[in-house]
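The basis for the numbers below is simple: all heavy atoms, side chains too, and nothing from hydrogens, waters or symmetry mates.
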Amino acid sequence: MSEDVEVLLLRQPGVVPLREDAAVFSGMLDGFSRQQVSRGLAKQTIQMRRWQVERFQRFADSYPWEWLPGDVEDFTTSLFSGSRPLARSTVRIYHLTLRAFCDFITDQRYGWVAECRSRFGSVPSQVCFEWNTVAHTVDFEGTSGRRPLDYDELDALFAVADARVETLRQQGRKGALAALRDAQLLKTTYAWGLRRREVLGLDVVDLRTNAKTPQWGRFGLLHVRHGKSSKGSIPKRRSVLSLPEFAWAIDGLRVYVEQVREKFNPGSHPGLWPTERGTRVGDRYLDRRFALLRDEAGLPSELTLHSLRHSYVTHLIELGYAEQFVQTQVGHAYASTTAIYTSVTDDYRNRVLAAAIDKFYFPEGST
């Protein structure tokens, strides 16, 4: 008998759970969690996967030894339906989690098949197959409206953010300090091509010097310690170099660190973006703030905070930086991922076209 089943039975003879089916399912989930801990997966990933399996169980209103492939198909239909359908990539993650869970409970080495047969007269089986789950067929699975901002849109967004600071200050209203912080936070997100979690996880000590750019002092690079993890592992780390094209953002970050941040009275709090309550700026707050400024600037509602990262990659390519350099800056494991973000603007393409026309029709030395 496996350890999972022994724990379920409490190792006490004569003890029968009030809800035997629920107790067995709980034991399966506990064993699945321990297996993932043994694989070295992050705690957050393990908790999310457990929640996803529990959500499927509630939807199917049955337990794993009763699940059928049709339950997966009905569940998938529900995820794609309603007023807020999930993205294709999100549904695929649900499928991968269910497949992994079913692989675990049907593995004879863990004892759940024999246990279910003796208790319920039926056994769990794999219910996720290639014909009823979302396949990963394309690199980019986001909505078509997701795109980078062009230079005019960036100017409009940052202008609105800066104007909000001045408006609140003139009106004597509370919030001017937070608005100033938020404006620099958005500019930092763009000027270093950061993900939301990466920029919010920055500490003051993550501002580092770069021997090649001594003129920027401690703002020569950002040390990212909360990069996107791979397959549930711990967050990846990388150093993002400050670039001369974004000197305006470097100057702004210096002013913020040296003159603004201290006004929040952070004390010993290490975070680069503290709140007046002594905590870090949160994910939802930043998303709402971006959406508010985006709408005030009259920009399309499809644009999200992550669009600033798209913009960074696109603009670096336009500026002539090598794709390998860009890939390292943004922390992509594969060049194909960077290529997804590389959608140069019409202005850039028109300039390239104009240069090609000049070269063809007006070769150097011709009159």
Enquirer: Look at Arg254 together with Asp251 and state whether they make a salt bridge at an N to O cut-off of under 4.0 Å.
Expert: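 Looking at Asp251 together with Arg254, the answer is yes, because their closest N to O distance falls below 4.0 Å.
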Enquirer: Run the side-chain contact (heavy atoms from CB on, under 4.5 Å) test on Ile317 and Glu323 for me, step by step, so that the C-alpha distance in whole Å, both residues' side-chain angles and the decisive distance to 0.1 Å come before the verdict.
Expert: CA-CA 7 Å; Ile317 296 297; Glu323 290 190 13; 3.8 Å; yes
Enquirer: Quick one: are Val24 and Trp65 in side-chain contact, heavy atoms under 4.5 Å?
Expert: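 SC-SC contact between Val24 and Trp65 confirmed.
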Enquirer: Taking the side chain as every heavy atom from C-beta outward, state whether Phe25 and Val53 have any pair of such atoms under 4.5 Å apart.
Expert: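 Yes; the side chains approach each other to less than 4.5 Å.
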Enquirer: Find out if a path of hydrophobic residues (ILVMFWY) with successive side-chain heavy-atom gaps under 4.5 Å connects Val224 to Val205.
Expert: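 Different clusters.
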Enquirer: For Cys116 and Val123, work out which heavy atoms get closest and say how close.
Expert: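 Here Cys116 and Val123 meet closest at CB-CA, 4.3 Å.
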Enquirer: When Phe56 is tested against each of Trp67, Tyr94, Phe101 for side-chain contact (heavy atoms from CB on, under 4.5 Å), which residue passes?
Expert: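 With Phe56 as partner, Trp67, Tyr94, Phe101 yield a single side-chain contact (heavy atoms from CB on, under 4.5 Å), made by Trp67.
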Enquirer: With rounding to the nearest 0.5 angstrom, report the CG to CG distance, Leu98 to Asp71.
Expert: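 The distance works out to 10.5 Å.
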Enquirer: Rounded to the nearest 0.5 Å, what separation is found between the OG atom of Ser26 and the CZ atom of Arg50?
Expert: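 Nearest 0.5 Å value for the OG-CZ distance: 5.5 Å.
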Enquirer: Would Phe120 and Tyr63 count as a ring pair (Phe, Tyr, Trp, His ring centres under 6.0 Å) here? Give the steps.
Expert: CA-CA 11 Å; Phe120 309 113; Tyr63 289 99; 7.9 Å; no
Enquirer: Salt-bridge test for Arg238 and Glu198: reply yes if a basic N is under 4.0 Å from a carboxylate O, no otherwise.
Expert: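 Looking at Arg238 and Glu198, the cut-off is met.
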Enquirer: Quick one: does Arg117's side chain get under 4.5 Å of Val113's, heavy atoms only?
Expert: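 Yes; the side chains approach each other to less than 4.5 Å.
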Enquirer: For Lys187, is there an ion pair with Asp162 - N to carboxylate O distance below 4.0 angstrom?
Expert: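 Yes, this pair counts.
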Enquirer: Is there a donor-acceptor contact under 3.5 Å from the side chain of Arg181 to the main chain of Val260?
Expert: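 No; zero donor-acceptor contacts below 3.5 Å.
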Enquirer: Would Arg294 and Asp287 pass as an ion pair if we require N to O under 4.0 Å?
Expert: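 Salt bridge between Arg294 and Asp287, a charged N being under 4.0 Å from a carboxylate O: no.
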Enquirer: Do the ring planes of Tyr110 and Phe104 sit parallel (below 30°), tilted (30 to 60°) or perpendicular (above 60°)?
Expert: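 Aromatic pair Tyr110/Phe104 classed tilted.
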Enquirer: With a 3.5 Å distance limit and no angle check, can you tell me whether Arg309 reaches the backbone of Gly193 through a side-chain donor-acceptor pair?
Expert: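 Judged by distance alone, yes, a pair lies under 3.5 Å.
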Enquirer: State whether the number of non-hydrogen atoms from other residues, nucleotides or ligands found under 6.0 Å of Glu245 atom CD is greater than 12.
Expert: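 Enclosed.
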Enquirer: Taking the six-membered ring for Trp, are Trp273 and Tyr256 ring centroids under 6.0 Å apart?
Expert: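 So the answer is yes for these two rings.
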Enquirer: How about Leu272 and Leu207: do any of their side-chain heavy atoms sit closer than 4.5 Å?
Expert: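 SC-SC contact between Leu272 and Leu207 confirmed.
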